[in-house]
Number of protein chains: 2
Amino acid sequence: MPDTSLIHLLIRKLENFAELTEEEKRALHDAAGPVRSYGSHEDLIREGEQASGVAVVLSGFACRHKMLPDGRRQIIGYFLPGDMCDARVFILKKMDHTISTLAPSSVTTLSREAVLDITSRYPRLTRAFWWNTLVEEAIGRQWLVSIGQRTALERVAHLFCEIYVRLQSVGLATPEGCELPVTQSELADTVALSTVHVNRTLKELRRVGLVSMSSKSLAIHDFAGLRALAMFDPGYLHLEGEGLIKDRYAHTMLRTS
Amino acid sequence: MPDTSLIHLLIRKLENFAELTEEEKRALHDAAGPVRSYGSHEDLIREGEQASGVAVVLSGFACRHKMLPDGRRQIIGYFLPGDMCDARVFILKKMDHTISTLAPSSVTTLSREAVLDITSRYPRLTRAFWWNTLVEEAIGRQWLVSIGQRTALERVAHLFCEIYVRLQSVGLATPEGCELPVTQSELADTVALSTVHVNRTLKELRRVGLVSMSSKSLAIHDFAGLRALAMFDPGYLHLEGEGLIKDRYAHTMLRTS
DNA sequence: CTGAAGTATTAACCCATGTTAATCACCCGG
DNA sequence: CCGGGTGATTAACATGGGTTAATACTTCAG
């Protein structure tokens, strides 16, 4: 029996969408494979490979990223504790991007069979997986808007707001701040700025009293101000248990057999 | 019986994923609601509204876009003829972005009921819908990389490559080029540049003999060169009928009942 | 405790892209 | 054929953010 105690973070996250029964929670526990520990900057899945199951980050930080042939790199998403990959990953023949840890992390995997089993037995869990995917896509759209339209200061502020709220939703943030075990140069690859300019931007955010980022953690001094600066509207994270899927027919959607 | 003859473009597109039977094609035809014609710059669905069905663009051009409170706008995806929205749109309680036409377009809608019916009866069609969604997400990731890491010239070149190949896949491109009924300022909102710089960039692409964009159409003079400049690798469009989903179990995935 | 490697910070300078604003070209309704 | 509006093009100038490079801090293995 693997130690999957930390899977409660995934459960907690999914419960932002809908309450789960004890049975459903148990099913998630049982579905989890062994927990593997990774150091910083190890690859979970590489571009071109086929995913063998759905990864769930239990602790630590990971990210999706893509590189251009000449080495320029863009981070296209973060995995925080409790986050899982899209439940459809293993449909794809090959990954079009790489997933790597940013910090030492523990990760478990829901095997293909376990996911198929769960989704055939627990409609509500399945819907929660959908919700998870939809939120991830909405986050991607926000990142596009940020990188395309926001200034450096707004961009970094927006990212900080998002991470803070996401960590809050799984109980990993305090009013004072949260962990952020990410290097300035990784931040740079995330918000599409140079390291030097990220440094300047952090300095400015500190100067105006909004946040300060020390080694591996983020201190939030004025969330309202940060939010205003970033034009951050948390709606896209759908964390209100808002019953995304209320329709009683929705559960049949895209059934394929 | 609505005139949905143009739905063959959707069929043609889906057949990039897998061959469809006559019955499946007929089902798609029958599922289509009335065709509506839109002029330029009309909204199909607005941010905050709930989608009532899955839109399919039969002719013309449309896009997804988001605006910041102060008016800055980012286009986050294009709908070309034959493209359909994610089959899950109507799960969401509210859209987090707006979909509008860029040019006069005709659009049909697969109602919620029609989609549920199709997906419950035709597993292969359902898988084709999945494929469609997965490709759209991969496109989103590419855009993030483009806007984050590519220079203005590379960015515009990459967008042109993508549009050209996508139109090709539904038979709407010739060796000489394709339609592109998009304004320079819309292009600017797409690639996150100013209109002036888009103009400079187009001039440069013309000067070096790669493409020229005249009113509403794109002439491709040297696709290989364009592709090299953009570092464009069409793999992410999954147009090879590569059997994304080969696994005979995959069709049960995420069944929710 | 020491050295090496990675990370952060800063300053100086540069350039890709933004801004403003003028002019031109085109289209379309009357 | 005229007039007005939208879109394209250019020039001149401004600037946000990139680059380079020097220095300092942190971490950690030994």
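We name chains A, B, ... by the order of the sequence lines, and we start the count at 1 in each one. Only a predicted model underlies this, so the values are computations on that prediction, with no experimental measurement involved.
Donor-acceptor pairing under 3.5 Å is lacking for the side chains of A/Thr101 and A/His41. Between B/Ser106 and B/Ser37, the side chains place no donor N or O within less than 3.5 Å of an acceptor N or O (distance only, hydrogens not considered). For the residue pair A/Ser100 and A/Asp43, a side-chain donor N or O sits within less than 3.5 Å of a side-chain acceptor on the partner. With no hydrogens or angles considered, a side-chain donor-acceptor pair links B/Tyr78 and B/Thr190 at under 3.5 Å.
In this structure, B/Leu205 atom CG and D/dA8 atom P are separated by 15 Å, rounded to whole Å. The CG-C1' distance, from A/Asn199 to D/dA22, rounds to 14 Å in whole Å. The interatomic distance linking A/His41 (NE2) with C/dG6 (C1') rounds to 10 Å, in whole Å. Taking atom CE of residue A/Met213 and atom P of nucleotide C/dT9, one finds them 9 Å apart after rounding to whole Å. Distance CG (A/Leu102) to P (C/dG6): 17 Å, rounded to an integer number of Å. One can place CG of A/Leu202 at 13 Å from C1' of C/dT7, the figure rounded to the nearest angstrom. At whole-Å resolution of the value, CG in A/Asp189 and P in C/dT7 are 12 Å apart.
At a non-hydrogen distance threshold of 4.0 Å, B/Thr183, B/Gln184 from residues 176-187 of chain B come into contact with DNA chain D.
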Discussion item. Walk along nucleotides 11-30 of chain C from 5' to 3' and tag each nucleotide B, S or - by protein heavy-atom contact under 4.0 Å, base first, then sugar-phosphate.
Written reply: BB----BBBB----------
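Residue pairs meeting the salt bridge (charged side-chain N to carboxylate O under 4.0 Å, His left out) criterion with at least one member in residues 138-165 of chain B, sequence neighbours excluded: A/Arg72-B/Glu154, A/Asp96-B/Arg141, B/Glu162-B/Arg166.
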Could you pull out every donor-acceptor pair under 3.5 Å between side chains of residues 176-185 of chain A and any protein atom, sequence neighbours left out?
| residue | atom | partner | partner atom | Å |
| --- | --- | --- | --- | --- |
| A/Glu176 | OE1 | A/Thr174 | OG1 | 3.3 |
| A/Gln184 | OE1 | A/Asn199 | ND2 | 2.9 |

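The aromatic ring centroids of A/Phe223 and A/Tyr164 lie less than 6.0 Å from each other.
Among A/Gln74, A/Glu47, A/His97, the single residue meeting the side chain to side chain donor-acceptor pair (under 3.5 Å) criterion with A/Arg64 is A/His97.
For the atom pair NE2 of A/His158 and CD1 of A/Ile147, the computed distance is 11.5 Å after rounding to the nearest 0.5 Å.
In the helix from C/dC1-D/dG30 to C/dG30-D/dC1, the rotation axis of the first five pairs and that of the last five pairs differ in direction by 50°, rounded to 10 degrees.
Looking at residues two or more places apart in sequence or on another chain, you find no salt bridge (charged side-chain N to carboxylate O under 4.0 Å, His left out) involving B/Glu186.
B/Thr109 has its side chain out of reach of B/Pro34: every pair of non-hydrogen atoms, C-beta onward, lies at least 4.5 Å apart.
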